[in-house]
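Shown next, in structure tokens, is the structure this report addresses.
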Amino acid sequence: MRTDRCGDLRSDDVGRQVTLCGWVARRREHGEHLAFVDLRDRSGIIQVVVDGAADLRSEYVLQVTGQVRERPADTANDSLATGAIEVDASEVTILSASEPPPFPLDERTDVDEVLRLRHRYVDLRRPRLQRNLEVRATVNSAVRTAMGEQGFIEVETPMLVASTPEGARDFVVPSRKEPGSFYALPQSPQIFKQLCMIGGVDRYYQIARCLRDEDLRADRQFEFMQLDAEASFVSQDDVLAFITHAVASAAEAVTGERPADFPRMSWHEARDRYGSDKPDIRFGMELVELTPVFADTDFRAFQAPCVKGIRVPGGAELSRNRLDDLTDTCKGWGAKGLVWMKVEADGLNSPVAKFLSDDEQAALRSTMEAEEGDLLLLVADEHHNTCRILGLLRLELGRPPVTEGGLHFLWVVDFPLFEGLDETGNPMPAHHPFTMPHEDDLEALEAGDLLSVRSQAYDLVLNGWELGSGSVRIHRREIQQKIFSILGIGAEEAQERFGFLLDAFRYGAPPHAGFAFGMDRLVAILAGEENIREVIAYPKTQSGADPLTSAPTQIDDRHLEELGLRVLPRSE
RNA sequence: GGUCCUGUGGUGCAGUUUGGAGUGCACGCCGGCCUGUCAAGCCGGAGGUCGCGGGUUCAAAUCCCGUCAGGACCGCCA
């Protein structure tokens, strides 16, 4: 139907007879005998000169045949890739008419998102989404190539799986053949990929759809795509290298530049310096240790296990109102309070300055390298809480937009194996119960010094977004049993919950390790989007609805009966 | 489950603080004019459940209560 794409034509094509198909992006009429139509397809836009009488309106679908020609002198449009030329139409066929679109398709208008989702087929025509979908396809393709290069093969795993009690809430699918029983949709292919290892598929990967029935966020949808990978006979370093290659290849495919650095940082260092296990290292404002400065302080609020602060360059300009807001925000995060100090020519301006000795003020200023005009924000609390609050505050005050600062990848390693205790006093696994403890910490594990035990688990962070995580898995039976017993999972319960995996481990399980990272998040950052809905063709709203199809919908009684289901009346 | 923000012709906004006639801006739409525009221009026109319900008031887009939808975040996401 067409010989060329609209956006591909250039001055080289002058003189050629071409046939183009596309949508009317805009028309400019000059009376009976002249009109300009900007014809748009996925490749871009070109100006078509048509007879003024033609009734060609916005978003009509046209087939245009005509000759490519230079535009007359002084009428070139530099802002258009095809701006030096135009197509002189000899024949225009309306393939499909269109009602006026429900919202403008130009890039200038920030349209209500529900409206965009309800008419997603129109929204998808806009350059922004066209570009984002291309970025996504490029990333998918680059990742597949990169994994293939490293000897991984793509294996598909089922969507209808058994529900396990771990992790997120499952989406479930009722069984027709066995009423009252349910499949679960996979939260990840975790178990299956480990079974692949036992099955001798020594390098598995999959760009897998995962589903978790948890509340949605800017970086979270019910369903999302992961690069899921697992390899046998490899170390943590090997896995980091595999994933680094895949992610670097994806970034290079999109930006044209291969990111060089994938630095590593221990979980402890990340917490102490950035107050986060996913530090955004695009900017400074690092947490400064101040506990020694106030070791002998008379100021009650600083008589805490840990005092830290951040320095906001130029922050002394913030109004009292804004500082009060920040204090409230911190309290909302669970802080006992927030101490602010403005660094001024004649000293520290702060409600609490009078409680601090001259030595303390001087030590504070030098430790924080404070300069006139800075704002110092201090929190005193338990170590972990101090770091967490300041980490959130740092992001609140300093985090650049997604499009700024380049790509800063970071491997966070040496996570603790357990993060605190649950209500019943059992330690909680920081990753999952198959995570291998650090070899150097096996003695501490044996000795019961649980919270000091590191794991061979690792996260990949990009500009403060957690892209994904992985671990070396336990393949030694006695260690697995030790972990289960620490977690308070008895042999019977373990068998019930993970029976088929444990059974499989009896038949020759190779040492293995793996990783999974969120493709949507990677694509969003590479596309310069703050929200993964912008890189998903058909996303859902924050309440999990799809304005396009109206999902979720009710099903009729006959259908319910067939599945052995009855819907309870809504409770108050 | 919680906190905060938003909802006004087809679209994007202003108007809400301090109640007084559906008032305004830009785009789009419809009609007319126009042979080099490119966010074309000029003239004219149509288009409203101020999300919904209730309350206060002589009077509500505006104040109060509730509710729905959307968004950001907390909880949640091993």
Side-chain angles (χ1 to χ4, degrees), chain A residues 25-39 45-53 55 57-59 69-80 82-83 86 88 98-119 122 164-170 187-188 190-191 210-222 224 325 328-329 331-334 388 392 395-396 415 417-419 422 426-435 455 457 466 469 471 483 487 489 497-498 516 518 530-531 533 540-545 547:
Chain A
R26 202 169 286 279
R27 69 200 150 92
R28 294 174 292 278
E29 291 181 67
H30 288 258
E32 233 178 310
H33 298 294
L34 177 67
F36 301 99
V37 167
D38 288 341
L39 196 66
I45 281 177
I46 191 166
Q47 173 165 289
V48 178
V49 184
V50 300
D51 188 284
D55 188 27
R57 297 171 189 238
S58 283
E59 300 308 313
R69 68 184 185 201
E70 295 279 0
R71 292 198 188 184
D74 299 328
T75 62
N77 183 351
D78 293 337
S79 60
L80 221 52
T82 59
E86 61 190 8
D88 182 24
S98 172
E99 294 179 17
F103 51 85
L105 272 73
D106 59 58
E107 298 260 41
R108 297 171 294 133
T109 315
D110 200 10
V111 181
D112 177 67
E113 200 176 344
V114 185
L115 193 63
R116 292 175 54 202
L117 292 179
R118 187 173 299 136
H119 301 277
V122 173
T164 56
E166 275 58 53
R169 197 176 292 116
D170 282 325
Q187 296 178 25
S188 81
Q190 181 64 36
I191 303 275
C210 304
L211 299 104
R212 295 179 190 171
D213 187 3
E214 298 294 349
D215 287 357
L216 295 80
R217 287 280 196 287
D219 62 353
R220 261 160 48 189
Q221 285 271 301
F222 280 157
F224 57 98
D325 281 351
D328 288 343
T329 303
K331 285 178 178 168
W333 289 329
R388 186 178 63 85
L392 291 168
L395 293 176
E396 172 81 16
F415 273 72
L417 190 59
F418 304 104
E419 52 177 5
D422 68 11
N426 286 321
M428 297 180 292
H431 191 57
H432 61 56
F434 311 114
T435 305
S455 68
E466 182 189 327
S469 62
S471 64
I483 297 292
L487 294 175
I489 300 172
R497 283 161 65 171
F498 315 108
E530 305 271 4
N531 190 309
R533 292 190 298 273
K540 291 185 175 49
T541 64
Q542 198 164 65
S543 66

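A quick note: this is a predicted structure, and the numbers were derived from the prediction, not measured. Lettering of chains follows the sequences in order, A, B, ..., and the numbering in each one begins at 1. Hydrogens, waters and symmetry mates are skipped; everything else that's a heavy atom, side chains included, is used.
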Length of the line joining Asp328(A):CG and rC5(B):P, which is rounded to integer Å: 13 Å
Partner nucleotide, any strand, of rA46(B) [Watson-Crick/G-U, under 3.5 Å]: none
Nearest-Å distance for atom pair CD/C1', residues Gln190(A) and rC77(B): 15 Å
Atom-pair distance (CD on Glu59(A); C1' on rU11(B)), nearest Å: 14 Å
Opposite nucleotide pairing with rC63(B), Watson-Crick or G-U, both atom distances under 3.5 Å: rG55(B)
rU57(B) and rG19(B), which share atom name P, separated by this distance in whole Å: 16 Å
Pairwise P distance for rC38(B) and rG45(B), with rounding to whole Å: 25 Å
Quiz item: Arg71(A) side-chain donor-acceptor pair to rC38(B) base, under 3.5 Å: yes
Base rG71(B) paired with Arg217(A) side chain (donor-acceptor, <3.5 Å): no
Under 3.5 Å donor-acceptor pair, Asp112(A) side-chain atoms to rG70(B) base atoms: no
Gap between atoms CG and C1', on Asp110(A) and rG7(B) respectively (whole Å): 15 Å
Whether Ser188(A) side chain and Gln190(A) backbone form a donor-acceptor pair below 3.5 Å: yes
Nearest-Å distance once atom P is located in both rC27(B) and rA40(B): 10 Å
Glu29(A) (side chain) and rU37(B) (base): donor-acceptor pair under 3.5 Å: no
Verdict with reasoning, Asp55(A) to Arg57(A), per salt bridge (Lys or Arg N to Asp or Glu O under 4.0 Å): CA-CA 6 Å; Asp55(A) 188 27; Arg57(A) 297 171 189 238; 2.7 Å; yes
Sugar-phosphate, base or nothing in reach of Leu115(A), heavy atoms under 4.0 Å: sugar-phosphate
Phosphate contact (rG28(B) OP1 or OP2) by Arg27(A) side-chain N/O below 4.0 Å: no
Stacking of Phe103(A) on rU11(B) base (centres under 5.5 Å, planes under 30°): no
Aromatic-base stack, His30(A) on rA40(B), cutoff 5.5 Å, angle under 30: yes
Side chains of Glu214(A) and Gln187(A) in contact at under 4.5 Å (non-hydrogen atoms): no
Below 4.0 Å: OP1/OP2 of rC38(B) and any side-chain N or O of Thr75(A): no
Short side-chain N/O contact to rA69(B) OP1/OP2 from Thr541(A), under 4.0 Å: no
Steps toward side-chain contact (heavy atoms from CB on, under 4.5 Å) verdict (Phe222(A), Leu211(A)): CA-CA 6 Å; Phe222(A) 280 157; Leu211(A) 299 104; 5.8 Å; no
Donor-acceptor pair (no angle test) under 3.5 Å: Glu86(A) side chain, rG36(B) base: yes
Euclidean distance, atom CG of residue Leu392(A) to atom P of rA72(B) [Å, nearest integer]: 18 Å
Pairwise C1' distance, rU11(B) and rG48(B) [rounded to whole Å]: 14 Å
Side-chain donor or acceptor of Glu419(A) paired with backbone N/O of Met428(A) under 3.5 Å: no
Partner nucleotide, any strand, of rG7(B) [Watson-Crick/G-U, under 3.5 Å]: rC68(B)
Shortest non-hydrogen separation from Asp51(A) to Glu32(A) and the atoms involved: OD1-O, 3.3 Å
P spacing across the pair rU67(B) / rA72(B), given as an integer number of angstrom: 22 Å
Euclidean distance for P, rG10(B) against rC30(B) (whole angstrom): 15 Å
Partner nucleotide, any strand, of rU23(B) [Watson-Crick/G-U, under 3.5 Å]: rA14(B)
Complementary nucleotide of rU35(B), counting Watson-Crick and G-U pairs under 3.5 Å: none
Separation of rC38(B) P from Asp38(A) CG (nearest whole Å): 11 Å
Crowding at CD, Glu107(A) (>12 non-hydrogen neighbours, <6.0 Å): yes
Base rC76(B) to side chain Arg220(A), donor-acceptor N/O within 3.5 Å cut-off: yes
Distance, rounded to the nearest Å, where Asn531(A) contributes CG and rG71(B) contributes P: 9 Å
Rounded distance (Å) that lies between atom P of rC34(B) and atom CD of Glu32(A): 7 Å
Sugar-phosphate, base or nothing in reach of Thr435(A), heavy atoms under 4.0 Å: nothing
rG15(B) versus rG32(B) - spacing of their P atoms, nearest Å: 38 Å
Sugar-phosphate, base or nothing in reach of Ala73(A), heavy atoms under 4.0 Å: nothing
Under-4.0 Å side-chain N/O to phosphate OP1/OP2 contact, Gln187(A) with rC77(B): no
Any Arg169(A) side-chain nitrogen or oxygen under 4.0 Å from OP1 or OP2 of rC76(B): no
Sugar-phosphate, base or nothing in reach of Pro104(A), heavy atoms under 4.0 Å: sugar-phosphate
Pairwise P distance for rG1(B) and rU23(B), with rounding to whole Å: 42 Å
Mate of rA40(B) where both pairing distances stay under 3.5 Å, Watson-Crick or G-U: none
base_contact_polar (rG36(B) base, Arg69(A) side chain, donor-acceptor, <3.5 Å): yes
Sugar-phosphate only, base, or nothing, as touched by Ser58(A) at under 4.0 Å among non-hydrogen atoms: sugar-phosphate
Distance (rounded to the nearest 0.5 Å) between Phe418(A) CZ and Thr435(A) OG1: 9.5 Å
Under-4.0 Å side-chain N/O to phosphate OP1/OP2 contact, Arg28(A) with rU37(B): no
